[in-house]
Amino acid sequence: MSFWAIILLLIGSFSLGALPLTGWVVQLLLGKNLSQLGTGNISVSAAFSQAGKLAGIIAVVLEIARGIIPVIAAKILFPNAPIWQIFSLILLVAGRYFIAKGGGVTNATWGILVYSPIIALSSGITGLLIWRFSYLLLPISKSSSRLWASRLGCLSATFWVWFWHQIFQSPPFLSPWELVAVMGLSLELVIINLAQKDDVGLYMKQQIFNLKDNLDIQQCGEKATRLSELKRAGFKVPLGWVLPAIHRLEDTTIPFKQQINLINYPLIVRSSALGEDSNHSSAAGQYQTIGPIYSASELQPAIIQCRQSYWTPEAISYRQNQQLPDRGIAVLIQPYLASQVAGVMFTRNPLDGGSQIIIEALPGGAESVVGGQFTPVHLEIEINTFIENLELPSFLPKTVILELVKIAQDIETFYQGIPQDIEWCWDGVKVWILQSRPITNLRPIWTRTIAAEVIPGVIPPLTWSINRPLTCGVWGEIFTLVLGKKVAKLDFNQTAKLFGSHAYFNATLLGEIFTLMGLPKQGLEFLVRGQKMGKPPLGKLFPSLPGLWRLIQRERHLDQDFKRDLEQLFLPTLQQLETHSSLEFFTLNQLLEQAETIQTLLKSATYYNIIAPIGLAIRRTLFKVSDAWIPTHTTPEVASMQTLQSLADQIRETFEEAEEITHQSFNQILAKNQHFSQQFNTWLQTYGYLSEVGTDISVPNWLEQPEIFKEMLFKILKNPNYRMENLTVSNLTLWEKWRQAQCYQRTLTKSKIAEIYGKLLAHLRWTILAIESQAITQGILEHSGDIFYLEWDEIKAWIEQKIEPDFIPKVRQRRQIFQEDSDRTVPSVIYGNILPKPRSTTLQNSAILQGIPASIGSVEGTVKICRSLTNIIDTTEDKILVVPYTDAGWSPILLTAKAIISEVGGQLSHGAIIAREYGIPAVMNIPGATTYLKDGQRVRVDGYLGTVEILDSKE
């Protein structure tokens with residue numbers, strides 16, 4: 001046996017598998033890249049469906065040859081060692097998967113046929129039997145049963161090799177290593193099959209899926225997939241079948257009649273384009289719905305018509321404006337419901353994510369509501385309130401409203417708190433769900449969960465301008481460490497934001513990161529609703545294990561890394577800062593340099609301040625360490641109070657009747673007793689860097705408020721029971737002591753990190769106050785505290801450029817906003833980028849027209865009356881369009897408008913939805929607007945209040 005012959009065989013097999021033979025065939029015949037056609041699957045089935053029969057047949061022949069050639073070569077080179085036939089196939093399949101991006105099942109099947117026909121036949125029959133009966137016996141679809149038949153058929157090869165050898169000694173020369181090799185090939189094929197459902201493209205193309213199936217969103221689109229999810233979750237969704245997505249219009253001839261027993265007519269054909277009803281774009285009204293359809297002869301043309309709507313100029317323009325690729329369109333077929341009432345509803349107010357459920361309804365079908373040519377009944381129902389005071393229309397019973405409210409809340413909960421736009425109908429008996437999609441303009445979702453603990457309360461501009469880059473930057477580094485290149489498209493600067501001067505974290509961004517890390521989808525619900533995270537699925541978590549291991553390694557070395565930085569960076573800098581404490585003698589440039597130095601160190605301190613608590617929490621969970629086992633005396637806050645208690649005890653021991661000490665006598669004690677006075681001052685110097693909000697440099701430190709802590713010392717002295725005890729227990733078993741030891745050092749490190757972090761922030765505050773003092777002297781600022789209403793870049797620009805900025809009016813305005821926000825009660829979750837506020841619905845000004853608010857924003861502009869599309873074509877930009885109604889065909893024109901006013905329609909009409917996506921204000925339902933308003937008239941459109949204010953009385 002030649003060593004070089006083996007090497008040549010294995011390298012040749014891998015190289016043969018790596019050749020993109022099927023792709024070359026399609027490229028030769030069509031001049032196109034198969035990966036850019038249809039579903040992008042590079043397989044024999046894709047060659048059939050995308051390039052025709054000739055290309056498919058040639059591809060089949062080449063794949064057969066690819067599988068046979070290595071086995072024949074091994075037979076010739078090593079006739080007495082069949083194991084090399086199997087090894088050649090293993091290398092062939094590896095090259096096929098890793099380089100040519102194929103599955104290799106076809107190749108391996110033909111190779112096994114040459115290796116041993118009886119084993120190939122036995123494995124094939126096994127797979128066919130599994131395929132035939134599994135979906136009848138198990139709750140899986142035919143497509144799933146085919147995949148499992150392929151996998152189990154491959155695995156059965158090992159058994160058949162052993163079985164036939166035992167009976168007929170065929171194949172001959174069977175060795176244990178050959179059996180292991182066959183098992184390795186089988187496992188390789190199964191693993192690849194699990195990762196890449198290979199060669200099922202044609203099958204997927206030719207079958208119709210049921211809404212009861214677990215649909216693939218890349219095949220069936222968001223609309224059908226979401227309906228499938230809801231139906232399988234128990235919501236009332238009508239029956240439905242889905243023709244998988246196609247990219248080219250020529251692919252519309254699908255033999256659906258032979259694959260489905262359609263129930264009673266009439267039917268309705270609806271689009272489910274890839275990207276439609278997604279998290280970022282609704283494509284409202286862009287694609288056609290056809291129905292009712294009363295016969296089989298009408299169904300095929302309806303499908304073609306629906307798919308043709310994917311290529312209309314309006315749909316193409318919409319996708320281009322939304323930067324959506326042309327990925328194809330699936331078709332959803334459902335029974336046509338003769339509804340008594342139909343409508344749409346938002347689970348949150350679409351204007352600002354407020355806690356109102358919006359319901360719009362009209363008698364008849366849902367198309368009358370979304371079409372925008374009729375004004376529906378508009379109801380706003382506050383969540384968790386009674387509806388007795390609502391004026392309900394005669395055609396909409398109260399029981400239906402109650403059911404709709406419950407459905408809205410249940411569906412939003414089902415989708416982890418993401419607000420939903422739901423289409424529904426009532427047939428007189430049941431409420432049916434026809435569609436559910438995310439409300440596209442209510443993203444991202446911002447949450448106070450975690451943020452309210454990290455940086456609570458109202459936050460002034462200076463604090464935020466310093467803290468936000470630190471927090472976002474450090475979290476970005478941590479996530480990049482774990483996810484590597486996966487985070488390339490994520491903007492970590494959007495991790496946090498202020499609303500009403502309160503900090504919020506981006507739950508949508510964090511949810512995406514959780515998904516990339518393989519964490520459970522409940523991660524978003526944890527951030528939005530405080531629910532439990534759940535256990536991560538191991539299959540999804542596995543790809544992130546290398547990154548998580550890197551993070552674990554960082555966490556394991558945190559104690560020694562911090563000790564190094566403590567000695568080399570933090571302590572030397574703090575010692576220097578404390579040595580030069582007379583900041584009134586510093587120049588502005590020196591103060592600026594000191595502040596920048598502190599901020600640089602704060603970035604490192606912030607990293608430790610984030611990782612240490614997380615690491616400690618994980619350790620405590622893993623080793624089941626009780627709170628009582630954790631030393632608390634090392635934390636700065638606890639240590640400071642215990643030291644103050646000790647001082648009070650000393651005073652109490654000196655003065656036997658301490659309970660009779662008054663405020664006056666207590667002050668005299670501190671003034672006359674040098675020992676006690678010095679101890680109190682030492683305590684104040686030691687812990688004076690602390691403040692009630694450690695992360696907010698605008699809040700005074702303890703050192704700046706000595707009278708408060710003298711009063712606290714007095715209260716401790718008067719009340720011996722006012723004490724803070726260390727709860728750490730000592731009577732632990734050896735096993736408990738070992739578990740405690742896994743957290744003990746980290747607890748000490750965490751306390752020291754908190755001390756260093758707090759001291760750096762305190763010195764930064766004092767440095768900024770010194771800058772403020774000079775700014776007040778120069779007349780740049782008026783009052784103490786004014787500097788915290790500026791941003792750091794503004795302060796830096798003033799010092800570096802030596803100019804006299806106009807800070808005073810800016811500070812006054814921001815101070816007023818800050819004071820207003822201080823009295824504001826903010827929600828725990830914000831949807832979109834608008835902080836909800838109470839909306840006035842009663843306007844007494846006759847110059848103000850009241851409509852339905854549809855898209856937020858307030859602009860002034862010149863009216864342009866547009867009664868038809870021909871009026872709009874020549875409209876210049878920067879006009880406010882006044883239209884009788886808005887349909888999907890008007891959507892490209894909205895890009896040129898400052899705002900839109902419509903005589904009819906509601907918040908859920910196509911025009912309103914598209915206006916929100918384009919970010920222009922819109923007010924709907926102002927009857928007679930095209931007559932009452934005049935071309936050239938100046939108006940102010942407020943899409944939040946739903947008002948149009950006439951600014952002049954042009955005749």
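- Residues L490 and F479 are not in side-chain contact: their nearest non-hydrogen atoms beyond the backbone lie 4.5 Å or more apart.
- Separation of atoms CD1 (I422) and CZ (F346) is listed at 10.0 Å; rounding is to 0.5 Å.
- Annotation: side chain of F499 is not in contact with side chain of V826 (no heavy-atom distance under 4.5 Å).
- Side-chain contact, T587 with N589: no donor N or O sits under 3.5 Å from an acceptor N or O.
- T508 and P444 make their closest contact through OG1-CA, 3.4 Å (heavy atoms, listed as atom of the first residue, atom of the second, distance).
- Checked by atom type and distance alone, the side chain of S855 pairs as donor or acceptor with a backbone atom of I920 at under 3.5 Å.
- Evaluated for a side-chain contact (heavy atoms from CB on, under 4.5 Å) with I756, the options L574, L569, T573, L601 yield exactly one hit, L574.
- Counting heavy atoms from C-beta on, the side chains of E794 and L462 never come closer than 4.5 Å.
- Closest of all the heavy-atom pairs between D942 and Y944 is OD1-N, 2.9 Å.
- In this structure, CG on L761 lies 8.5 Å from CD1 on I466, to the nearest 0.5 angstrom.
- Between W798 and A775, the closest heavy-atom pair is CH2-CB, 3.6 Å.
- Side-chain atoms of T767 and T597, non-hydrogen and from C-beta on, never get closer than 4.5 Å to each other.
- To the nearest 0.5 Å, the span separating CD1 on I808 from CG on L781 amounts to 7.0 Å.
- Using the six-membered ring where Trp is involved, F562 and F570 have ring planes that are tilted, between 30° and 60° apart.
- In this structure, the side chain of R765 engages the main chain of I697 through a donor-acceptor pair within 3.5 Å.
- Of the possible donor and acceptor atoms, one in the side chain of Q774 sits under 3.5 Å from a partner among the backbone N and O of F586.
- R814 places a side-chain N or O within donor-acceptor distance of the main-chain N or O of Y789, the cut-off being under 3.5 Å.
- Annotation: side chain to side chain contact (heavy atoms under 4.5 Å, CB included) contacts of T480 (sequence neighbours excluded): V487, F492.
- Between G785 and R815, the closest heavy-atom pair is C-NH2, 4.1 Å.
- A side-chain donor-acceptor contact under 3.5 Å links N467 to the backbone of T695.
- A distance of 14.0 Å separates CG in L470 from CH2 in W475, rounded to the nearest 0.5 Å.
- In E593, the CD atom is not crowded: 12 or fewer heavy atoms of neighbouring residues, nucleotides or ligands sit closer than 6.0 Å.
- You'll find the side chain of I611 reaches within 4.5 Å of the side chain of L551, heavy atoms only.
- With hydrogens and angles ignored, the 3.5 Å screen pairs a side-chain donor or acceptor of D491 with a backbone N or O of N493.
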- Task: Go through the steps to decide whether I358 and N349 satisfy the test side chain to side chain contact (heavy atoms under 4.5 Å, CB included), and finish with yes or no.
- Result: CA-CA 6 Å; I358 310 296; N349 192 313; 4.2 Å; yes

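- In this structure a side-chain-to-backbone donor-acceptor pair under 3.5 Å is present from Y608 to D561.
- Proximity of a side-chain donor or acceptor of Q420 to a complementary backbone N or O of Y415 within less than 3.5 Å is not detected.
- Interatomic distance, CD1 of I830 versus CG of L442, reported as 11.5 Å (0.5 Å rounding).
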- Task: Go through K898 and V941 one step at a time and tell me if the side chain to side chain contact (heavy atoms under 4.5 Å, CB included) criterion holds.
- Result: CA-CA 9 Å; K898 289 184 70 174; V941 177; over 6 Å; no

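- A 4.5 Å side-chain heavy-atom check between S698 and I459 finds every atom pair outside the cut-off.
- At a threshold of 4.0 Å, the pair E477-R554 does not count as salt-bridged, since none of the basic side-chain nitrogens sits closer than that to a carboxylate oxygen.
- Smallest separation of non-hydrogen atoms from F818 and S501: CD1-OG, 4.2 Å.
- Within the model, atoms OH of Y689 and CH2 of W702 stand 8.5 Å from one another, a figure rounded to the nearest 0.5 Å.
- Atom CD of Q813 has 12 or fewer neighbouring heavy atoms from other residues, nucleotides or ligands inside a 6.0 Å radius.
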- Message: For N833 and K497: C-alpha separation, side-chain torsions, deciding distance, then whether side chain to side chain contact (heavy atoms under 4.5 Å, CB included) applies.
- Response: CA-CA 9 Å; N833 290 305; K497 187 175 182 178; 3.2 Å; yes

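- With hydrogens and angles ignored, the 3.5 Å screen pairs a side-chain donor or acceptor of N506 with a backbone N or O of Q494.
- Contact check for E949 versus E860: no side-chain heavy atoms found under the 4.5 Å cut-off.
- Looking at every heavy atom in both residues, P853 comes nearest to G943 through CB-O, 3.3 Å.
- Residues V458 and Q819 form no side-chain contact, since every pair of their non-hydrogen atoms from C-beta on lies 4.5 Å or further apart.
- Using a distance-only test at 3.5 Å, with no hydrogens or angles considered, no donor-acceptor pair links the side chain of S773 to the main chain of L769.
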- Item | Criterion side chain to side chain contact (heavy atoms under 4.5 Å, CB included) on Q594 and H763, from CA distance to verdict | CA-CA 9 Å; Q594 177 164 302; H763 280 287; 5.6 Å; no

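- Remark: R226 is not positioned above the aromatic ring of F414, lacking an NZ or CZ atom under 6.0 angstrom from the ring centre and at most 45 degrees off the axis.
- Under the rule for a side-chain hydrogen bond (donor to acceptor under 3.5 Å, both in side chains), the partners of R746 that lie at least two apart in sequence or sit in another chain are E555, D559.
- Under the side-chain contact (heavy atoms from CB on, under 4.5 Å) rule, L483 has a single partner from L548, I513, I478, which is I513.
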